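One structure is given here, and the rest of the page talks about it.
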Amino acid sequence: MDAMILAAGQGTRMLPLTEKTPKPLLKVGGHSILDYHLSMLSELGFKKVVINISHLYKQIDEYVKNNLHNGLQIDLSVEESGPLGTAEGIRKCIDKFTSDTVLVMSGDLFTDCRPQTLELSDRYDAHLVLVRNPTHRSQGDFLFNDGILAPRVGKKIGLTFSGIGIYRTELFRNSKYTSVDLGDVLRVLVKEGKVSGEVHEGVWVDVGNIERLEKARELANSLA
């Protein structure tokens, strides 16, 4: 299986830090966020990683060229005119994948997650890692019962999608799922009962703004 890191975001909520540095290269505990992602993928046995990049993409290109990454083959997908959207970014890379499933993770996570499931059963088209709801997403994204995700309805509180998932690559060739946003695609799949899941109980921070970046840095220091 191949892997993909979604790293094309502009990082506008991280200004002024991202004015001169792309978000994946911001430091947490002495390492860039991207370093943690690549180390995790290497530990899990991945050999090839595709990274889509846009904002200040030349810095990430230089980083990849000038650093060793535990034998990982890294292929960059440049979105020069601006981010295409999470699902569209995956579609753009579809011919870069050599397997029929791909692990995709958001490029702005700080986590010790190592997914327990790396293979999809025949009845599912996706498998998501879920986490307990952070304060900025107190209602969660999906309900979860007996290993299967369902839409969150009414006032029911679900769990939050971690940003780490495994997908059949064919999904992104299917004209039925045309949204540019991965979240929209997932909501349709969940409604169809085609998504399994697991819950990660360890460290997880969505590094979406400066406050959460500081939280990640505090966690990294406490774990050192």
Side-chain angles (χ1 to χ4, degrees), residues 1-9 11 18 21-80 83-84 86-120 126-129 161-172 182 198 200 202-207 213 216-217 219-220 223-224:
M1 183 193 303
D2 297 328
M4 181 173 183
I5 300 172
L6 299 174
T18 50
T21 303
K23 185 161 58 172
L25 296 187
L26 292 175
K27 293 295 183 67
V28 173
H31 301 277
S32 72
I33 296 172
L34 188 56
D35 280 332
Y36 289 104
H37 288 49
L38 295 174
S39 293
M40 181 267 268
L41 293 171
S42 177
E43 286 176 26
L44 289 173
F46 285 87
K47 303 300 182 185
K48 180 178 179 180
V49 182
V50 178
I51 308 174
N52 70 329
I53 52 178
S54 182
H55 176 60
L56 300 174
Y57 67 86
K58 291 183 179 180
Q59 289 188 35
I60 298 178
D61 185 25
E62 286 300 311
Y63 165 85
V64 167
K65 288 177 180 177
N66 295 326
N67 290 274
L68 298 176
H69 305 291
N70 298 318
L72 288 171
Q73 176 190 340
I74 299 176
D75 195 344
L76 299 178
S77 175
V78 181
E79 299 172 14
E80 293 189 51
L84 296 173
T86 45
E88 196 63 27
I90 298 171
R91 286 190 196 97
K92 183 176 185 289
C93 298
I94 200 71
D95 291 330
K96 295 180 181 288
F97 304 132
T98 58
S99 57
D100 59 3
T101 57
V102 59
L103 183 147
V104 179
M105 63 186 303
S106 298
D108 54 1
L109 304 177
F110 176 70
T111 181
D112 62 356
C113 177
R114 303 295 185 267
Q116 301 166 27
T117 300
L118 292 176
E119 294 184 5
L120 293 175
H127 179 88
L128 304 186
V129 178
F161 173 41
S162 69
I164 301 172
I166 299 163
Y167 310 100
R168 295 197 191 283
T169 52
E170 195 60 32
L171 281 172
F172 302 97
L182 181 59
E198 64 184 73
H200 173 63
V203 174
W204 179 87
V205 181
D206 169 13
V207 188
L213 174 65
R217 287 171 170 170
L219 276 171
L223 295 171

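Everything numeric here is computed off the predicted structure, so don't read it as measured data.
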Between L120 and Y167 the two heavy atoms that sit nearest each other are CD1-C, 4.1 Å
Backbone of L26 reached by a side-chain donor or acceptor of T21 within 3.5 Å: no
Side-chain (D2) to main-chain (V49) donor-acceptor, under 3.5 angstrom
no
Between M1 and L103, the two heavy atoms sitting closest are SD-N, 3.6 Å
Are the side chain of S77 and the backbone N or O of C93 linked by a donor-acceptor pair below 3.5 Å? no
Nearest heavy-atom contact between I166 and T101 is CG2-CB, 4.3 Å
Inspect the surroundings of CD in E119 and state if more than 12 heavy atoms from other residues, nucleotides or ligands are less than 6.0 Å away.
no
All heavy atoms of T117 vs all of H127, minimum pair found to be CB-NE2, 3.4 Å
Value for CD (E62) from NZ (K65), rounded to nearest 0.5 Å, stands at 5.5 Å
Between the CG atom in L6 and the CD1 atom in I164, the distance rounded to the nearest 0.5 Å is 11.0 Å
Rounded to the nearest 0.5 Å, the CG atom of L128 sits from the CD atom of E198 at a distance of 9.5 Å
Here the gap from M4 atom CE to F46 atom CZ, rounded to the nearest 0.5 Å, amounts to 13.5 Å
>> Has S32 got a side-chain atom pairing as donor or acceptor with D35's backbone, closer than 3.5 angstrom?
In response: yes
Taken to the nearest 0.5 Å, the spacing of I51 CD1 from H37 NE2 works out to 9.5 Å
Item to check | Flag, side chain of K48 to backbone of K96, donor-acceptor distance under 3.5 Å | outcome: yes
TODO: Applying salt bridge (charged side-chain N to carboxylate O under 4.0 Å, His left out), run through K92 and E79 and close with a yes or a no.
DONE: CA-CA 9 Å; K92 183 176 185 289; E79 299 172 14; over 6 Å; no
L34 and I5 have their tightest heavy-atom pair at CD1-CD1, 3.8 Å
